[in-house]
Amino acid sequence: MPVIYIDDQPYEVAAHHNLLHACLGLGFDIPYFCWHPALGSVGACRQCAVKVFRDEHDRRGQIVMSCMTPVRDGLRLTIDDPDVRRFRATIIEWLMVNHPHDCPVCDEGGHCHLQDMTVMTGHNYRRHRFAKRTHRNQDLGPHIHHEMNRCIQCYRCVRFYHDYAGGKDLNVFGAHHHVYFGRHESGALESEFAGNLVEVCPTGVFTDKPARRYYARKWDLQSAPSVCGQCGVGCNVLFNERYGKLVRVDNRYHYEINGYFLCDRGRFGHDFVNGEERIRRPLARESRGASLRETSADDALSRATQAVAGRRVIGIGSPRASLEANFALRELVGADSFYLGLSDAEFKSANLSLALLRELPTASLHEIETADAALVLGEDLLTTAPRMALALRQLARRQPTAESIVACPVPEWNDQAVRELVQQQKGSLFSATPGPTKLDEDAAAVYYGELDEIAGLGLAVAAAVDQPSAETDSLATQIATALRNAKRAVIVSGGNEAVMQAAAAVVRALRRAGRDAALCLTQPEGDTLGLAMLGGRALSEVVRDGAECVIVLENDLFARLPEADATAFLERTKTLIVLDHSITRTTARADVVLPAATIAESTGTFVNYEGRAQRCFSAFAPQPDVRESWRWLDALRSSLFWPTFDDVCRAMAQAVPAFAKAPDAAPSAAFRQIGNKIPRQSPRFSGRTAITAQLNVSEPKPPDDPDSPLAFSMEGSREQPPPALIARYWAPGWNSVQALNKFQQEIGGPLRGGDPGVRLIEPEAKP
Amino acid sequence: MNDRPLTGRMHPDRTPLSLREYEQAGGYQAVRQAVGRIAPVEVMNLVKESNLRGRGGAGFPTGVKWSFVPRGAQARRPVYLIANADEMEPGAFKDRRLLEGDPHQIIEGVILASYAIEADIAYIFLRGEYTLAARRVRQAVAEAYQAGWLGKNICGSGWGLELHLHTGAGRYMCGEETGLINSLEGRRATPRNKPPFPQLSGLFGRPTVVQNVETLCNLPHLVTHGAAWFKELSRCKDGGTKIYGVSGKVKRPGAWELPMGTPIREILEDRAGGMRDGVHLRAILPGGASTEFVTVDQINMQMDFDTCQAAGTRLGTGMMIVLDDQTCPVGMMLNLERFFAQESCGWCTPCREGLPWIVQSLAAIEAGRGEPADLDILEMHTRLLGPGLTYCALAPGAMEPLHSGLKIFRDDFERHLREGRCPWS
């Protein structure tokens, strides 16, 4: 590894990095704006200037932009030199010429990279005495608030939106100091990944519009690490709460899965937590025909207990409930009476997925991004697993890069130069879907057909992989050749059995040919695969059999069964007990409704499409009558067995061999850092006594959390927690999300201590 | 004619030479001589030997520039040659004369340069406002295709060249070679970082050479008459002639082809006829708007790359702007900086934010609302908008007249501040 000298001290750094990346990785603070670890360098903002020296005798040196300077052995530089410090402060002074300085009313205030960098450079006195230029803002739709006057023209937004995510409707307009970042006219942003602008923008040009309603600063948010349940990818998120409301969902970095970016469904799709439809009190009805009325938890529980006692009870689980909740239901009703709350198609697809994942290796999103070829069979990924589509787009951009930079050596981080070399070349990404999808434009070849035709194409590819022939130039041969030529290939499918089998056949054929190939099967919901691993009967059986008493866990049967079947089944059911967080057509027919905590208020384990168990922690304590589903279900049993989350998780690990490693997904509640729990609130959390001042001016005791090593408090360990317990990104001088640099082993690499979660499925075929 | 190869055969009435007239005057002889008969690398060596330096402003040796283009099997095809005809430097109008007066000459230059670097496709990137030049060049290109000077298998050599005329949409940045390339690709005219240099990854990511019109126009003559002849034309060690121009309050503003290294005094007095009656020379921007001022005592300076550099300025385009004593130097600099601020592409911070601040400060001083601290702000910018600190050369170029202007016209600045008005108004 090359050695560079920073202020005459030697440091070993990786050869393929730029100087900024290397210095940040060593823990030095260099201010920057336009550089982003996932977007590379373009040298626009000129903020990351350092001084390099020709040799050890050169004392004059030369100012260079560290982001555009490759690391080389023996390079000598200083970050802390009066010339370069003055230059960096002047960059901020220039950026501040037109910045409105509206931090007190700006939603970015408190987690603003521009604020951090301003303080870091030491610029504080305004010399510009003339009028500022101003812009008109646009309405960018329900998710993103636009405030162009704050813009510092780092070009990150368009580079992410346009180049990285393939969006078409955000661009840069105008020139000189009038450059404008927005749409050609007001209108909702079209990209599925537009929400990332909130985190990509170093200041408050693009802010989270739903979060604006709550007027909360980052330091006033109570936060916890969690997992998005909107699809089966299992992106890591941070839920942030204030005054009992979920304020904002932020990306939580996971090297193997979502990296720096979320899809908009994950970021903006959790409003149900604050929704009007929430069930916040237990409900019960006196008799069939009477209406549901609010009741006490004790009353609801005793009614439910009576209904359950001595009768044949069946339980219907849910792919959106945690493993522990499903397990608790299965324990309550017995394995024979436990039904997976999946539609027929979902049931078949989930069980087939499980069988295939046990046979063949799969790939994380990071492994998809860095693969050399991919084939998508049957799935419109921007609908079913958007973040995976973004990963495949990176594959398509990256693969020709690797070839081009051999022909004309350019460092991979030199984003503009790389894109210039690559031009319109597309990587070996192939897509076969029933109709056009947004991924098509990234694909080298596209096929449209019925699902059975797509399965046929898959099988033809598998056959062509087995028997390569140069003669035919069919699409199948073209795909097979690209897959065979790849060092690592990924086949993506899901949903339909025949198509999934065809995808598996391609992977098997590639592996027979000695190639490294992986199978990625999308899952529709956060815990679909976990539910299949837990095991249970098909919902269609229960429709046939009927039952006296049914417990439905966080599920709406009308979404899983044909309308007539669901109606008939519920009519035949004598007692219906439903646990859910929001009103559904099923809760409307229940005899007893137990209010369940949402994912943002509960601790649980979810299994993503790769079979990775991940822990989510409650960001805030649920209201008194709202409980985690596993708690309600535990209370329905004859005695209390599981006082805490760890008890139910451990019981599950013992009872279900597939989940033996599930407790390892995150540290248990007993975990302490230097004797302390990990605080969910920042040390600057303010207004603790004011929050409930209309009731009581004294500070209330924070709720206990027996279920996790996190505390509903600002007190606790100030050390960097283990990766599964990171509740916010903050480091001295780094209040913005860019503080993430300080949490990674290397910039853009895995988190310190390893990325959280644990893979539960070991395929027979070793990769 | 031989001492004015570029302009000597042009019609005095400024109508263009037709293909026939051009060929009769010896046009396309160089193509006939070189293409298929001399190896491309020999053409390049000839140009190296002649000490031809780029006439666009930077003065980079042309042959050396070409030598970085990968050849043969190494080259990723197509290889491009671009004639930079986006003449937009304030004060410059030399390329326009060449394009309008003798359009076949530039085409022949393009063919020879393309042959030397083994290019497949060439573009003439023409400033959008040069509509007359566009018409004439377009017609000349059509004629050249017809006559077989362009297209496949030129002179039976097996080598062919496609030439396209592209008219720009009007940005100063398009005159910067990488900004030009981006614009030609249909992108915003922002410059690119170097390395990689265009010779390795230029237009559409392929090897590309961008060359100024005047540079290219030298090639037919150079190839026909040889390097020794070419060097003889000059009065300094750089070969050839140079089109010098003068604008400002002189008797006969204009442009003239003279030996490289002609002193300012000769150009100003013999050609431009000296200052108009009643006005006196104060200073000169020798190479256009983005060069340092020279003062009256430097009037005997030879106008060539090295002499100008030694004198602390640059030859630039060789198109002088003359400042007289009836014109406010602050107003002149305000005018120039307003142009540069307007033409900044908005990519890098110092240029995008610094130039408008300079304009605001100069405007305040000029309007009598200046403050002493404004001079410090201006001075800071001349240091911090320096080469390497900004993304491209636009802002450093914009700082050159301001840098020397602040020194030479210090008293004038201070009078503005003291009197609270422009003394010339």
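Small disclaimer: the values here were computed from a predicted structure and weren't measured. Letters A, B, ... mirror the listed sequences (proteins, then strands); counts begin at 1.
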Legend entry - Parallel, tilted or perpendicular: rings of A:H128 and B:W357 (30°, 60°):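 The rings of B:W357 and A:H128 stand perpendicular, inter-plane angle above 60°.
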Inset, instruction - Pick whichever of A:C408, A:A49, A:A417 has the most heavy-atom pairs under 4.5 Å with chain B. - result: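 Ranked by contacts with chain B, first place is A:C408.
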Inset, instruction - Walk me through it: do B:E353 and A:R46 pass the test salt bridge (charged side-chain N to carboxylate O under 4.0 Å, His left out)? - result: CA-CA 12 Å; B:E353 308 295 344; A:R46 318 307 276 180; over 6 Å; no
Using a 4.5 Å cut-off on heavy atoms from C-beta on, say whether the side chain of [Y] contacts that of [X].
| X | Y | result |
| --- | --- | --- |
| A:Q416 | B:R187 | no |
| B:D374 | A:R127 | no |
| B:L355 | A:H176 | no |
| A:N414 | B:P196 | yes |

Legend entry - Main-chain N/O of B:S361 paired to A:R129 side chain as donor or acceptor, under 3.5 Å: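 No; zero donor-acceptor contacts below 3.5 Å.
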Pick whichever of [options] has the most heavy-atom pairs under 4.5 Å with chain A.
| options | value |
| --- | --- |
| B:R383, B:H381, B:E343 | B:H381 |
| B:E371, B:R76, B:M380 | B:E371 |
| B:A341, B:S201, B:P350, B:C348 | B:P350 |
| B:E185, B:Q342, B:R188, B:R192 | B:R188 |

Inset, instruction - Could you tell me which portion of A:D83 (side chain, backbone, both or neither) has an atom closer than 4.5 angstrom to a non-hydrogen atom of chain B? - result: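 When you check distances to chain B, no heavy atom of A:D83 falls under 4.5 Å.
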Legend entry - Interchain contact, A:V410 with chain B, by part (heavy-atom threshold 4.5 Å):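 Just the side chain, heavy atoms under 4.5 Å.
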Legend entry - Interface residues of residues 166-181 of chain B facing chain A - non-hydrogen atoms under 4.5 Å apart: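 If one takes a 4.5 Å heavy-atom cut-off, the residues of residues 166-181 of chain B near chain A are B:R171.
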Inset, instruction - Examine whether an atom of B:L389 lies under 4.5 Å from a heavy atom of chain A, and if so say whether it belongs to the side chain, the backbone or both; otherwise answer neither. - result: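 Both parts, backbone and side chain.
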Inset, instruction - To the nearest 0.5 Å, tell me how far A:W94 CH2 sits from B:L384 CG. - result: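 Answer rounded to 0.5 Å: 5.0 Å.
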